[in-house]
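Taking it in order: structure first as structure tokens, then the write-up.
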Amino acid sequence: MRLSRLHAPTLKEVPKDAEVVSHQLLVRAGYIRKLAAGIYDFLPLAKRVVRKIETIIREEMDAAGAQEVFLPAVVPAEVWQESGRWFQYGPELLRFKDRKGGDFCLGPTHEEVIVDLVKRDVRSWRSLPLNLYQIQTKFRDEVRPRFGLMRGREFVMKDAYSFDVDDAATNRSYDAMYAAYERIFARCGLQFRAVEADTGSIGGSRSHEFQVLASSGEDAIVSCAQCSYAANVEQAELHLHHEPPPAVAEKAYERVHTPNRRTIAEVTDYLRRPARQFIKTLIVDADDRLFAVLVRGDHELNLIKVKKLLGAQRVDLAHEEQVRTATGAAVGFAGPVGLRGVVGILADNAVRGMTHAVAGANADDHHFVDVTEGRDFQVTRFGDLRLAVEGDPCPRCGGELKSFRGIEVGHVFFLGTKYSDAMKCTYLDESGVERPMVMGCYGIGVTRTMAAAIEQNHDADGIVWPLAIAPYRVIVLPLQMNVPDVVQAAEKLYADLQAAGVEVLLDDRDERAGVKFKDADLLGIPLRVAIGGRGLKDGVVELKPRRSSEVQQVPLADIARRVAEWTE
RNA sequence: CGGGGCGUAGCGCAGCCUGGUAGCGCACUUGCUUCGGGAGCAAGGUGUCGGAGGUUCAAAUCCUCUCGCCCCGACCA
């Protein structure tokens, strides 16, 4: 492709509405344009990257035994009513009516549609397992679309659904998808981790997220330095490796005045005690019953774990009024000592045996100091209730956990029979008994993967594409368009590379060398060949990988072969 | 959903407070010079000042409503 013809309008200035680097670079390098909040045009270069990611996905999904289908984006309400989600899903589901007044939605995910399809025609155990996937545009009317392609409203997703006779068979389908995902992201040239994730409200038993490692990632994950364990911080279990000794208190607790100091930071500053000596007391609403939950001051509460411990349907932090009802004080002054307004007091394991701790006094502008667990208050139930942090012990091997930031680009999920039960998707087993199919679902955010690749691979000059998903692999720069030898050599190389099947861009624009270098870097093309009058006199051209800073001088006669080798 | 901010040329912005008939940089067109890391000079085109209504002799500017976009927050203790 000639750059003079390519529709890739590059910008010198950073667009003002772009916050994250992938968004900035995609706009600046002429890959995307915004049409509306969270809705983007994909220009030719972006389309090529998306297609490359899709091709890798297709090859690996097909190799894993899945079959590609294409389901409608516009979905009639009936199937969503059948599963019950028409009423459960919030405003993220974009609903609308057709001309006859019938209800429809734009599919944010396709469990209903796929189950509807499978249950019609699959009746026998002989037809299972079955794994169907599609690559398609999804729409989720996000509360707050942001970060460009990272959290758009319209995006391209690969979604797959497996149907099996039982849990064991589903686990095999799951394992096959897990392995396929590892190959897909490895082939895309990305650094990633598969992490254990929360199974959430769907109630499945297994779930892994595929996280592309990037410091700008929205998700916090921990991974063991010694073994292969990795998990989302929300999911990471924290086992108690040794029982702390019972608390031995020296001092009695006393009440101190802490005017208007509500947060841990404010109080630790004011009292000059470290955060780890603080007992944070959170009031939570679990199915309309109020509980106090205690975690150490330097730890963070994990509501998901609280929900599991209580076996509750719903757990939220309490509202301001509820906090006042429970503690008799404003938010920020709750503490376990003398707390009456709650059904029970739960505490994270790290709170066990704490002495000389600081806690809220359940009175405005007051805290207690030198509080001791067991003596000054009784915990109803201890458990693992906090987010994991760097340095926590690995639940598998006891090694040290390291923390990372990640971008979730894929998710594999053991679904079970939630949808097949609700929508009566059943088969007849060998003995003629009707059973629900057991399902798994497997998603990859295709357009998000493109953005994540940039978040992980960029520098001050622009994008640095991994070879496998670059829109073109080579860019040829004739540095002086007014020197016939330079233009000729560039044209010949361009033609030779095309003939050899190498995806190549030729910057044939009548621009100065500086402009061409800047644009080549911005676009992120993995290999650059610069042809200039100076080098040509000595019969050489320059070869420079985008990722490295060293320039190789290559004889003109060898350049086509060298490039072809490099890009293989 | 709550709070804040911004809509002026393709892009980035100034002008608004203190009303007087719209400007800067980049980009774009033409010419000359330049030619290995976003060139210089000259000439040129570009706007319903987001939309509607109001106040006024006069509105980008003041007022009201509305639409769009961005950021922060959604109880982080």
Side-chain angles (χ1 to χ4, degrees), chain A residues 9-20 23-24 27-30 33-39 90-92 141-148 151 153 258 260-268 275 278-285 292-303 316-324 326-327 329-336 358-362 367 386-387 460-462 477-483 486-487 507 509-523 528-537 541-542 544 549 551 553:
Chain A
T10 58
L11 268 37
K12 280 190 199 172
E13 295 182 74
V14 178
K16 69 163 182 179
D17 58 358
E19 188 78 357
V20 297
H23 188 193
Q24 292 173 353
V27 174
R28 279 193 59 210
R33 289 293 183 261
K34 183 172 71 185
L35 181 63
I39 301 178
E92 269 193 20
D141 203 356
E142 291 276 349
V143 191
R144 192 174 153 206
R146 56 181 138 180
F147 306 148
R151 186 178 291 281
R153 289 195 291 174
T258 50
N260 219 21
R261 268 70 173 188
R262 293 157 187 272
T263 66
I264 295 292
E266 285 165 358
V267 180
T268 52
F278 205 101
I279 297 173
K280 259 201 278 206
T281 305
L282 302 316
I283 308 300
V284 301
D285 173 351
V293 186
L294 314 182
V295 296
R296 214 169 69 189
D298 56 335
H299 288 152
E300 279 198 68
L301 176 66
N302 183 345
L303 283 177
D316 295 307
L317 284 173
H319 294 252
E320 207 174 322
E321 317 85 72
Q322 291 176 302
V323 170
R324 192 165 269 288
T327 67
V331 171
F333 300 103
V358 182
N362 301 317
H367 281 78
R386 66 181 173 91
L387 295 178
D461 293 314
L477 307 185
L479 296 179
Q480 298 93 20
M481 295 302 284
N482 56 348
V483 178
V486 169
V487 175
D507 193 347
R509 298 174 303 169
D510 188 11
E511 290 286 358
R512 294 159 57 89
V515 174
K516 296 190 177 187
F517 285 132
K518 287 288 185 191
D519 274 346
D521 286 348
L522 184 59
L523 296 183
R528 181 184 87 191
V529 181
I531 302 179
R534 268 185 350 218
L536 271 191
K537 285 201 185 101
V541 298
E542 285 172 10
K544 179 183 171 295
S549 54
V551 175
Q553 306 287 337

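So you know, we letter chains A, B, ... as the sequences are listed, proteins then strands, and number each from 1.
- Along RNA chain B, the nucleotide nearest A:V551 and the nucleotide nearest A:F333 are compared for position; the residue whose nucleotide lies closer to the 5' end is A:V551.
- Heavy atoms of A:A37 sit under 4.0 angstrom from primed sugar atoms or phosphate atoms, though from no base atom.
- In this structure, A:G360 reaches neither bases nor backbone, as no heavy-atom distance under 4.0 Å exists between it and the strands shown.
- Residue A:K516 is out of contact with every strand shown, counting any heavy-atom pair closer than 4.0 Å.
- Of the candidates A:L282, A:I279, A:T281, A:V295 forms a side chain to side chain contact (heavy atoms under 4.5 Å, CB included) with just one, namely A:L282.
- Qualifying ring pair (Phe, Tyr, Trp, His ring centres under 6.0 Å) partners for A:H23, counting only residues two or more places apart in sequence or in other chains: A:Y40.
- Between the CZ atom of A:F278 and the C1' atom of B:C76 there is a distance of 13 Å, rounded to whole Å.
- In this structure, of B:G38, B:G36, B:C76, it is B:G36 that holds the atom nearest to the side chain of A:A513.
- Of the P atoms belonging to B:C17 and B:G37, the separation is 47 Å, rounded to the nearest Å.
- Atom CZ in A:R146 sits roughly 10 Å away from atom C1' in B:G73 (whole-Å rounding).
- The P atoms of B:A74 and B:U61 are separated by 36 Å, rounded to the nearest whole Å.
- Counting any heavy atom pair closer than 4.0 Å across all strands shown, A:E511 reaches no nucleic acid atom.
- The separation between A:N362 atom CG and B:A77 atom C1' is 13 Å, rounded to whole Å.
- The pairing partner recorded for B:G7 is B:C67, the criterion being a Watson-Crick or G-U wobble arrangement whose two distances lie under 3.5 angstrom.
- Taking 4.0 angstrom as the limit, A:R534 places none of its side-chain polar atoms (N or O) nearer than this to OP1 or OP2 of B:G36.
- Atom CG in A:D510 sits roughly 14 Å away from atom P in B:U34 (whole-Å rounding).
- Using a 4.0 Å heavy-atom cutoff across all strands shown, A:L477 reaches no nucleic acid atom at all.
- Contact annotation for A:R528: base contact, defined as any heavy-atom pair under 4.0 Å involving a base atom.
- Residue A:D519 is classed as a base contact, given a heavy-atom separation below 4.0 Å to a base.
- In a base pair of the Watson-Crick type (N1 to N3 plus N6-O4 or O6-N4) or a G-U wobble (N1-O2 and O6-N3), with each distance short of 3.5 Å, B:G38 is matched with no nucleotide.
- One finds the CG atom of A:L479 at 12.5 Å from the CD atom of A:E511 (value rounded to the nearest 0.5 Å).
- Of the candidate nucleotides B:A39, B:G37, B:C35, B:A39 has the atom nearest to the side chain of A:V515.
- Comparing A:L282 and A:E19 against RNA chain B, the residue whose closest nucleotide sits nearer the 5' end is A:E19.
- The C1' atoms of B:A59 and B:U18 are separated by 14 Å, rounded to the nearest whole Å.
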Could you pull out the protein-nucleic contacts involving nucleotides 8-16 of chain B (nitrogen or oxygen on both sides, under 3.5 Å)?
residue, atom, partner, partner atom, Å
B:G12, O2', A:E13, OE1, 3.2

